[in-house]
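To find a chain, count down the sequence lines: A is the first, B the second, and so on, and within it residues start at 1. Predicted model only: the values in this text are computed from it and were never measured.
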Amino acid sequence: MSNAQFRWILIFSTLLCLAACGGRPVEALSAAEKAMADASLAKTCAPDEYLAAQKLLEKAKSLAEKGEHARAKATAIAAEKLAKKAIVKAQARKDECLNPQAPDAIDAAEFVDESGPGQDAVDALSEGMQIIYFDYNQPTLSDEAKATLDANADWLLDNESVTVTVEGHCDERGSTEYNLALGEKRAQVARKYLLRKGVDKARISLVSYGEERPADYGAGEAAHKRNRRAVFRANE
Amino acid sequence: MRADGKWLFIVGLTLTLLAAPFVQAQSDGTASPATSSEGLDVEVEQGGLVLIQMAIPRAINLDSKSDTIGLTEALSGTVKRDLTISSFFNILKPAQILAKSDREGMKPVYRDWFNSGAQGLIKISYKQVGKKVIADFRLFSVEGSDQVVLPKPFDGPIRIDASVKKLRAMAHEFANEVIGYYTKTRGFFGTQIVFVKGSRRTKEIYMMSADGVEETGLTGTRGINMLPSMGAGRLYFTSFRRGGPHAFRLGSGSTRPFAAYPGLNTGAVLSPDGSSVALTLSRDGNPEIYLLHPDTGKIKRRLTNSEAIDTSPAWSPDGQRIAFVSDRHGSPQIFVMNANGGGVQRLTFQGDYNQTPDWNPKSGLIAFTARDERAIFDIFTVDVGTKEIKRLTQNQGNNEEPTWSPDGRFIAFSSTRSGTAKIYLMDQTGRYQHKLSTGTGAYLTPFWVRY
């Protein structure tokens, strides 16, 4: 096969896939693979995040195999994000983790762990279910959130033994108490949607964390966006 | 003068809520002296308040025994800090004072104080007798060359237990009397403010004296504890320590879950007569305001009934009405209702994000937090009768969660004007602004204990 022929086949197959099946998420998967390759330092210095990201990437690949491209893409993006977080965290604690003998360094490492971006890693580990995001001061579901909830409902229907806690969260703006109420509303709206999809009521519980457990401690709009969310946590 | 112009501008602002122009609306509690050639300096704070010129020399130790536990600081130091915070006085600096306070003792040489620029003079002396301190607090009118007669117990020397705490408590009482003498209303010193101190992972409930010192931690659970309120000596707060969020009560040493209904149990606050606790529950499917029995936590009554969020109840001083937040018309706004849930009235119509009402204990003003079109949070008041809105803070970071002082003349609130959130104090016009908290960390949701 000539080089030109090969290129044509590649373009054709890509187009076919885009048109027919929403596309095997090649880009998302390779971005995640690249992020994992870049995260070699994180293997030692941020092992929790690194392993979680690796797990997510494997899952994304297996989803892609099964042709579940939308979920594969979402999972791959989550894997990439987490790998990047692992890199940032590994860089921050590089000195301590490469010289674990220094007693001061151990304290410093603990400090980093305490205040570092741990929540996202925990969020991303919500088994089989993806996070949904909300607009500012709104408890209503976007089309994107509904699509994610459809996938979450499917997963819950496939995994009958799992019970889930829906956590409602808000960004840091607004009062403590109002945000607890808003987080409650968000969790309720997500639960209602899952119930309509046929998930048994008894399997879903709620908790609102208001603005108390952000995924991102930053202050800008990007951070706020990541924090206005509902997380679906499989109960142990 | 310049200050008057600013004052007029603030009045103008109150007419046009959320007016965009950026002006430096507040001074930072600093005073600009306008000296005269007479013996007396008339000091005028920005905004036109005339300050009383007050001299507070160090308390005189009548003993040969030296002051080893900080008695002097607990007496004259406390009075000095209180009167400084009160906003009504300019305290003369030691370098301005020509009089020899220690030498003259409790009989002032008025001419020397007059020539120092003082209008009022506070003198305190003390001696230790066993485990007691005998303290003598006196206020003098320098202009009238006479001692001011104050009510009991300040009509003569007082015996107090020789502890810094007890001495400070008496000094606060004296400061309140002095403020009452000059302004017709006693001060708020000696009262407490409860608040949340937060780091990234933990939030704990603290208490401080209203002069910003004597901070004490009340929870210490390394968890998330929020929304403290206090009445009849009991602390109510909201915590995730057992899932929740649940309402907890701390009184006589033990902390117990007070309300743990399914869903939210947030922002419990005791009524002025102690007969009910108002709080937000979501047990019936969405956040609503309820009244609970103050001891058992049993539901007495559900007050709101809407599909929307109803939260943040705040009692009127007579306990007959409750201000609250609801987004039943699309955005969070301030409402009032009767304490039985009837007579609901919407109070705010401007802006689309009004929260955290707190009812003035002496009037029909409700202070609240509003977000303006720049997404900045500031403090406003709304008059329950006329619904007139006034803006109190502007262009000084985010200012949130107002709480009125027990005398109704001041508001404590959380502000990010100096970076991390701290507790500030202002008068009800917003002209006087003063940083109250003195520690490190983020200070959130202050609640001034009023009954």
Side-chain angles (χ1 to χ4, degrees), chain A residues 110-119 122 135-140 165-189 191-192 195 201-202 204-221 223-224 227 233 235, chain B residues 196 198-203 222-228 238-240 243-245 262-269 279-282 285-289 307-313 324-327 330-332 352-357 368-369 371 375-377 398 400-401 414 416 444-445:
Chain A
E110 273 170 12
F111 175 75
V112 171
D113 200 45
E114 184 70 20
S115 58
Q119 195 68 39
V122 179
D135 287 339
Y136 176 60
N137 195 30
Q138 289 303 323
T140 46
T165 302
V166 184
E167 297 176 359
H169 297 270
C170 304
D171 68 36
E172 62 171 356
R173 295 168 298 173
S175 72
T176 300
E177 190 168 20
Y178 188 81
N179 278 339
L180 284 165
L182 183 59
E184 180 79 7
K185 276 279 196 190
R186 285 175 175 164
Q188 279 168 359
V189 165
R191 175 167 70 171
K192 268 187 197 150
L195 296 184
K201 194 175 178 181
I204 311 173
S205 54
L206 298 185
V207 63
S208 170
Y209 284 115
E211 61 183 77
E212 309 304 326
R213 294 198 176 168
D216 188 326
Y217 283 96
E221 179 48 30
H224 293 155
N227 292 335
R233 207 175 293 287
N235 298 325
Chain B
V196 164
S199 66
R200 275 193 168 178
R201 300 282 166 166
T202 63
K203 284 187 170 175
R222 295 179 61 85
I224 297 175
N225 305 287
M226 302 165 290
L227 301 167
T238 307
S239 176
F240 285 110
L264 301 175
N265 300 257
T266 66
V269 54
L279 88 172
T280 305
L281 301 178
S282 63
N286 84 86
E288 305 282 2
I289 296 167
E307 286 293 297
I309 292 171
D310 295 302
T311 191
S312 295
F324 65 103
V325 174
S326 177
D327 72 343
S331 62
D352 61 1
Y353 208 75
N354 298 317
Q355 299 179 346
T356 74
F368 64 98
T369 310
R371 188 182 65 108
I376 303 285
F377 291 86
N398 284 309
E400 299 179 63
E401 306 272 0
S414 176
T416 60
L444 309 166
T445 62

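- In this structure, A:Y209 and B:F240 have tilted ring planes: the angle between them lies in the 30° to 60° band.
- Summarising the geometry, atom OG1 belonging to B:T266 is positioned 12.5 Å from atom OH belonging to A:Y178; distances are rounded to the nearest 0.5 Å.
- Remark: side-chain polar atoms of A:Q188 are paired, donor with acceptor, to backbone N or O of B:G285 under 3.5 angstrom.
- Among all heavy-atom pairs drawn from B:G244 and A:V207, the shortest one is O-CG2, 3.3 Å.
- Residue B:Q355 holds its CD atom at 7.0 Å from CG of A:N179, rounded to the nearest 0.5 Å.
- Separating the CD1 atom in B:I224 from the CZ atom in A:R213 is a distance of 4.5 Å, to the nearest 0.5 Å.
- Taking 4.5 Å as the limit, some side-chain heavy atom of B:N286 sits within range of a side-chain heavy atom of A:K185.
- Counting heavy-atom pairs closer than 4.5 Å to chain A, the top residue among B:I309, B:T445, B:V325, B:T280 is B:I309.
- Chain A forms the most heavy-atom pairs under 4.5 Å with one residue out of B:S312, B:G267, B:P287, and that residue is B:S312.
- Heavy-atom distances place the side chain of A:E184, and not its backbone, under 4.5 Å from chain B.
- Here the CD atom belonging to A:E212 is positioned 5.0 Å from the CE atom belonging to B:M226, to the nearest 0.5 angstrom.
- Between B:L264 and A:A181, the closest heavy-atom pair is CD1-CA, 3.6 Å.
- Interface residue A:L180: backbone and side-chain heavy atoms are both found under 4.5 Å from chain B.
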